[in-house]
Amino acid sequence: MDITRQGFAVTKKQVLIGRRHFLLGMGSFVGTDALAIASRYGHGKNPIQVTAQKSRDFSVAENTPLRNRAAAKGLIYGAATQTSILRSDTKFATRFAQECAMLVPENELKWKMLRPSLNSFDFTRSDWLANFASKNNMFFRGHTLVWHKSLPEWFKARVNSQNAEQIMLKHITTVVKHYAGKIHSWDVVNEAVFPEHGRADYLRNTPWLKFLGPNYIDFAFRVAAQADPKALLVYNDYGLEHSTPNDEAKRTAVLKLLERLKSKGTPVQALGIQAHLEGEAPFNTKKLRAFLKDVADMGLKIMITELDVADNMLPKNVLVRDRLIAGIYEDFLSVVLDEKAVIAVLTWGLSDRYTWLRDRKSRKDSASVRPLPLNAHMERKLAWYAIARAFDKAPKRGF
Ligand code: GLA
């Protein structure tokens with residue numbers, strides 16, 4: 001096999017890495033075409049099989065970065081990152097600017113970082129990121145205005161049903177106006193749906209719900225639309241991707257919420273699908289397609305906002321693991337990008353060196369996790385190739 005012609009790499013160094021990777025890969029699969037891994041999502045005697053095919057081709061034609069591949073199809077590719085990472089790691093910052101056309105602050109726009117006290121805002125870190133994005137010709141996106149997590153220490157003591165509406169109004173107005181004209185989209189409300197809490201409207205029990213009732217979602221969107229009529233306003237949530245009972249219930253519940261909002265004239269314009277995928281969880285292509293279509297039929301755009309693949313349940317062997325992860329990226333994105341309402345794909349981080357999954361979903365064998373497109377040395381992994389292939393195959397959007 002000629003790795004160069006397969007387009008694995010263009011520089012000499014990368015060609016060598018590609019060849020080594022391929023050859024070692026062959027060695028680890030001797031005699032079988034597929035390695036099957038039982039997933040905990042199967043039940044009883046029928047475990048679901050996750051398959052890593054050694055013969056699967058992840059090659060691409062050019063060395064072109066993801067941002068250009070996406071742009072060629074009228075799509076945006078970007079990633080989440082942090083001020084402290086970009087400032088301290090110049091290699092990462094350079095790679096980030098090469099690959100990404102959109103930057104989303106991982107934490108800097110959450111209340112905990114932005115609101116040192118009830119009466120103050122600290123935009124220092126988020127402004128630094130907005131500036132980095134603008135200097136590098138990237139879109140900047142906002143995450144997130146209303147969420148039940150990452151609230152500051154003072155929140156509990158100071159916010160109550162009497163003042164919550166005023167506090168939310170001031171927060172959204174101040175923050176959204178601060179970035180008006182400079183921001184692509186806002187995650188106005190994050191993770192408001194949680195069927196497990198047992199409410200008839202499937203909403204999550206959060207401080208905002210407790211203080212303001214279910215209309216807090218509509219209120220947040222209206223305030224955001226007034227503060228910046230141009231930003232795309234997004235409802236963002238997780239657990240919408242797999243064919244597990246929880247994700248099934250979540251898809252139904254999110255559709256119900258979006259229908260309710262639309263029928264009230266709430267200015268929600270897009271659904272953010274977080275897509276924190278689990279390496280061993282099953283997909284049902286038909287159901288995923290149908291869900292995306294239902295959302296698109298409501299006149300909403302769709303953004304994949306926090307894509308990564310947790311590999312804590314996958315085999316330790318890096319070659320097998322990378323192949324499985326890449327397969328998941330390409331399979332998921334191929335379905336998703338077929339839906340023309342999808343306008344952007346963001347990964348939650350860019351390099352395995354900086355990922356929340358290192359702490360959140362670490363491996364029992366203590367091997368490093370590998371959920372993102374670049375490895376810890378900022379080199380492209382099979383996951384990068386898989387994403388590139390999905391962009392290359394995606395139908396072109398109108399400009
Ligand atoms: C959720 C949030 C993100 C981030 C991730 C994990 O998906 O929307 O802001 O906190 O969890 O870190």
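As the structure lists them, so they are numbered: ligands from 1, and atoms in each ligand from 1. Numbers here are sequence positions counted from 1. From a predicted model like this one, the values you see are computed outputs, not experimental measurements.
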Please state which option from Lys110, Arg360, Glu306, Gln274 has its nearest heavy atom closest to atom 10 (O) of ligand 1. Lys110

Do any nitrogen or oxygen atoms of His276 lie less than 3.5 angstrom from nitrogen or oxygen atoms of ligand 1? yes

Tell me whether the rings of Phe121 and Phe123 are parallel (<30°), tilted (30 to 60°) or perpendicular (>60°). parallel

Verify whether one side chain among Asn317 and Arg323 offers a donor that lies under 3.5 Å from an acceptor in the other. no

Is a side-chain donor-acceptor pair under 3.5 Å present for His143 with Asn107? no

When the ring planes of His242 and Phe283 are compared, do they come out parallel, tilted or perpendicular, using 30° and 60° as the limits? tilted

Identity and separation of the nearest protein heavy atom to atom 6 (C) of ligand 1: Trp356 CE3, 3.2 Å

Tell me which protein heavy atom sits closest to atom 9 (O) of ligand 1, plus the residue, atom name and distance to 0.1 Å. His143 NE2, 2.5 Å

Give the atoms of ligand 1, by number and element, whose distance to some non-hydrogen atom of Glu191 is under 4.0 Å. 1 (C), 2 (C), 7 (O), 8 (O)

Less than 3.5 Å apart, any donor N or O on the side chain of Glu191 or Gln274 sitting next to an acceptor on the other? yes

Strictly under 6.0 Å, is that where the ring centroids of Trp147 and Phe155 end up? no

Check for me whether Arg115 meets the cation-pi criterion with Trp111, that is, NZ or CZ under 6.0 Å from the six-membered ring centre and within 45 degrees of the ring axis. yes

Does any N or O of ligand 1 fall below 3.5 Å from an N or O anywhere on Asn236, backbone included? no

Check each heavy atom of Trp147 against ligand 1 and say whether those closer than 4.0 Å belong to the side chain, the backbone, both or neither. side chain

Is it the side chain, the backbone, both or neither of Lys149 that has a heavy atom closer than 4.0 Å to ligand 1? neither

One finds that the ligand 1 atoms under 4.0 Å from a non-hydrogen atom of Asn190 are 2 (C), 8 (O)

